[in-house]
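The structure displayed is predicted, hence computed values, not measured ones.
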Amino acid sequence: MNNSRRRPPADPMVRALIQQARATALSRRQFLSVSAGVAGTAALLAACGTGGAPGASSTAAPSAATDVSDAEKLVRWANWTLYLDQNDAGTQYPTLDAFTKQTGIEVEYLEDIEDNDTFYGKVSGQLANGDDIGYDIVTPTDWMAGRLIRLGYAQELDLANIPNADNLVSTLRDVDYDEGRKHALTWQSGFGGLAWDKAKVPGGMQSLDDLWKPELAGKVEVLSEMHDTIGLIMLSQGVDPSGDWGDAEYDAAIELLREKIESGHIRQVKGNSYTQDLVSGDAWACIGWSGDITALNYEADNRFDFVVPEAGGTLWSDEMLIPIGATHKRNAETLMNYYYEPEVAAEVAAWVNYVTPVEGAREAMEKSDPELAADTNIFPDAETLAKVHVFRTLTPDEETRYNGQFLEVIGA
C-alpha cells in the first residue's frame, strides 16, 4: 500500500501550470502564486444527519432499474473533486486500478459534484422518472442523501453483497436519514471551520468575529453548503445547530449573512472552488472544510491554516448510495465492499485527509504512517468531537423554507 501524504494537483489547469513551471523554470513560490489550487471535499462520525426532502413526492416512487451487472462489468461513480487517492501525475487512481484488477469490473470515475443543490438540480427530473442518470454510485452529503432516500430515489442495498459494511464505525450505524442503513454507507466525513492564508492574516483566527474584521472586507468567502455556513454563524450566536431551534434562530443567522454579503465583506459564496481563490490570493480567509486545507498545504508549503472556531464547528458525512435508475447495482455494491476494507480505507484517508468511516483503518495506517494515524482530523479523538456539531434534521417544510432563504440571500 502506497500511503503517500503528498497530494498532487489533479485539476487539468493545475497540471498544465505545473508543466509550464517546469518548462520555464518558475520558482515554487512563483508557481503557487498563479496556480489554480487543489481541492478536496467533503465529510464525520455523526450519529444523526440532516436528511429531509423539500416535500413528499406527489406520485409513487419510481421502480428500481434492471441490474445488468452480470453482462456488463462496469460501475459508474460520481464524486466530489479530489476525493480519491491519485498517483503523482494525477492521472490514475491506485485503489480503483487495484479494484479492477481484483474483480474485473471497470470503473468510470467522474468528479461531477460541485455542491449538493446544483447536482440535485441536474438529476432530480430523471430520478423522479426512475431514469438512469449515468451513475451507479453518487456521494451526496448526509442531508441530501436523506432527501433522495425519502423520495424513493435510492435503491435498497443488498448487504449480503457488502459484508465489509460490518466495519462501519459504531457512531455512524444509527442515522436518522437512513434508518437501518438500508440505502447508504458513508464515504468520508469532515469538519467545517475557519481557514486563512497565514501571510495575509498573520494574527490567525479563533472565532467567526475574526472573519468579520474590517481589514478582511472583500477578501472573505463562505460555503454554498447552507448547513456549514449557517451552522457556523448559529454557533457564533450561541445556538447549537444540532439542538432545539426554529425560525427565530435561523432568521438571525441568515440576516447576518445577508448583511455581510450586501456590504461586500463577503466577496463570493462558493462550493469546492473556494480553494482556488485562496491559492490565487483573491480570498484571504473563509469558512472551509478541514481536508481541503490539509490538501492545499501539501502543494503550498504550509501556507494556510484551519481551525474549528471557539464556539464550535460543523460535522458532516458524504454518503455512497445507488440511484434508482442505476443499472449496475451489484457491481456498485462490490465497489462499496472493497472500500470498506480497512487497508483500502487507510490508503484513501492518507490521500484525501478526511475522516474515514471504516473501523480498523487507523490500525492499518499505523503500520505505514504512524504520524498520519495520529492526525485528529482523520481519526478524531473525544476532545475534537466535543467541538463539532451536526446540523439537525430539518422537516420537509423547514428544508424548503430555509434553503429557499439561503439561496435567495446568496443569489443562487
Between N272 and W289, is a side chain to side chain donor-acceptor pair (under 3.5 Å) present by the stated rule, with each step listed?
-> CA-CA 9 Å; N272 269 349; W289 291 311; over 6 Å; no
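- Between atom CG of residue D178 and atom CG of residue L148 there is a gap of 11.0 Å, rounded to the nearest 0.5 Å.
- For the residue pair T139/D318, the side-chain donor-acceptor check at 3.5 Å is not satisfied.
- A distance of 11.5 Å separates CG in N337 from CG in L157, rounded to the nearest 0.5 Å.
- Listed for the D158 side chain is a donor-acceptor partner under 3.5 Å among the backbone atoms of A160.
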Do E319 and T186 pass the side chain to side chain donor-acceptor pair (under 3.5 Å) test, and can you show the C-alpha distance, the side-chain angles, and the key distance before you say yes or no?
-> CA-CA 4 Å; E319 300 288 327; T186 302; 2.8 Å; yes
Between W77 and Y339, is a ring-ring contact (aromatic ring centres under 6.0 Å, His included) present by the stated rule, with each step listed?
-> CA-CA 13 Å; W77 183 3; Y339 276 104; 5.6 Å; yes
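- For the side-chain contact (heavy atoms from CB on, under 4.5 Å) with W143, the lone residue among L394, T393, N116 that qualifies is N116.
- Here the CD1 atom belonging to I133 is positioned 8.5 Å from the CZ atom belonging to R76, to the nearest 0.5 angstrom.
- A distance-only check finds no donor-acceptor pair linking the side chain of D282 to the backbone of K219 [under 3.5 Å].
- Side-chain polar atoms of T100 and D97 form no donor-acceptor pair below 3.5 angstrom.
- A salt bridge links R303 to D197: one of the charged nitrogens lies within less than 4.0 Å of a carboxylate oxygen.
- For P380 against F191, the heavy-atom pair with the smallest separation is CB-CZ, 4.0 Å.
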ring-ring contact (aromatic ring centres under 6.0 Å, His included) evaluation trace for W245 with Y402 = CA-CA 13 Å; W245 55 268; Y402 294 162; 5.7 Å; yes
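- Between the side chains of D142 and S317, no donor-acceptor pair is found at a separation under 3.5 Å.
- Looking at D210, its side chain does come within 3.5 Å of a backbone N or O of Q206 through a donor-acceptor pair.
- L211 CG to S236 OG: the interatomic distance, rounded to the nearest 0.5 Å, is 10.0 Å.
- Between the side chains of H328 and E72, at least one donor N or O sits under 3.5 Å from an acceptor N or O.
- Scanning all heavy atoms of the two residues, the minimum distance from A285 to L278 falls at N-CD2, 4.3 Å.
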Full working for side-chain contact (heavy atoms from CB on, under 4.5 Å) between L96 and L335 = CA-CA 9 Å; L96 279 187; L335 185 69; 4.1 Å; yes
Run the numbers on I261 and V409 for side-chain contact (heavy atoms from CB on, under 4.5 Å), then give the verdict.
-> CA-CA 8 Å; I261 291 175; V409 166; 3.9 Å; yes
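- Between I149 and A154, the shortest heavy-atom distance links the atoms CG1-CB, 4.1 Å.
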Apply the test side-chain contact (heavy atoms from CB on, under 4.5 Å) to residues L216 and M205: give CA-CA distance (whole Å), side-chain angles for both, the deciding distance (0.1 Å), then the verdict.
-> CA-CA 12 Å; L216 294 181; M205 310 183 83; 4.2 Å; yes
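- A 6.0 Å sphere centred on CD of E179 holds no more than 12 heavy atoms belonging to other residues, nucleotides or ligands.
- Across all non-hydrogen atoms, the minimal contact from K329 to E333 is NZ-OE2, 2.5 Å.
- A 4.5 Å side-chain heavy-atom check between Y83 and Y109 finds at least one atom pair inside the cut-off.
- T395 contributes a side-chain N or O that, together with a main-chain N or O of E398, makes up a donor-acceptor pair within less than 3.5 Å.
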Stepwise side-chain contact (heavy atoms from CB on, under 4.5 Å) check, E221 with I266 = CA-CA 5 Å; E221 293 190 359; I266 294 174; 5.6 Å; no
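- A donor-acceptor pair is defined here as one N or O able to donate and one able to accept, closer than 3.5 Å; no such pair exists between the side chain of E347 and the backbone of V344.
- At most 12 non-hydrogen atoms from other residues, nucleotides or ligands lie less than 6.0 angstrom from CD of E383.
- Side-chain contact check for W212 and H265: no donor-acceptor pair (N or O, by modelled atom type) lies under 3.5 Å.
- Taking 4.0 Å as the cut-off between side-chain N and carboxylate O, E408 and R258 count as a salt-bridged pair.
- Remark: side-chain polar atoms of K198 are paired, donor with acceptor, to backbone N or O of N302 under 3.5 angstrom.
- Judged by distance alone, the side chains of E111 and N79 never bring a donor and an acceptor atom under 3.5 Å apart.
- With E399 as the fixed residue, the salt bridge (charged side-chain N to carboxylate O under 4.0 Å, His left out) test singles out one of R147, R392, R150: R147.
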Verdict with supporting geometry, D381 and T384, side chain to side chain donor-acceptor pair (under 3.5 Å) | CA-CA 5 Å; D381 54 19; T384 301; 2.7 Å; yes
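- Panel note: side chain S263, backbone K260; a donor-acceptor pair is recorded below 3.5 Å.
- The environment of CG in D244 is sparse: at most 12 heavy-atom neighbours from other residues, nucleotides or ligands sit within 6.0 Å.
- For the 3.5 Å distance criterion, the side chains of S242 and D240 qualify, holding a donor opposite an acceptor.
- In plain terms, the two heavy atoms of A61 and L151 that are nearest each other are CB-O, 4.0 Å.
- Side-chain contact, T95 with D85: a donor N or O sits under 3.5 Å from an acceptor N or O.
- The environment of NZ in K73 is crowded: more than 12 heavy-atom neighbours from other residues, nucleotides or ligands sit within 6.0 Å.
- Between Y135 and F119, the ring-plane angle classifies as tilted under the 30° and 60° cut-offs.
- Between the Q126 side chain and the V123 main chain, no donor and acceptor come within less than 3.5 Å of each other.
- For W80 and Y354, the distance between ring centers is not under 6.0 angstrom.
- The shortest non-hydrogen separation linking D136 to A326 is OD1-CB, 3.5 Å.
- The shortest side-chain heavy-atom distance between I230 and Y250 falls under the 4.5 Å cut-off.
- Looking only at atom types and distance, the side chain of Q268 has no donor-acceptor partner in the side chain of Y274 under 3.5 Å away.
- Taking a 6.0 Å sphere around NZ of K182, one finds it holds 12 or fewer heavy atoms contributed by other residues, nucleotides or ligands.
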Yes or no on ring-ring contact (aromatic ring centres under 6.0 Å, His included) for W196 and F306, after CA distance, side-chain angles and deciding distance?
-> CA-CA 7 Å; W196 64 94; F306 174 89; 8.2 Å; no
Please test D115 against S224 for side chain to side chain donor-acceptor pair (under 3.5 Å), starting from the C-alpha separation and ending with a verdict.
-> CA-CA 7 Å; D115 68 36; S224 59; 3.1 Å; yes
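- Side chains of S273 and D277: a donor-acceptor N/O pair is absent below 3.5 angstrom, by distance only.
- The distance from atom CG of L168 to atom CD1 of I162, rounded to the nearest 0.5 Å, is 11.0 Å.
- Ring planes of F99 and Y338: tilted class, angle from 30 to 60°.
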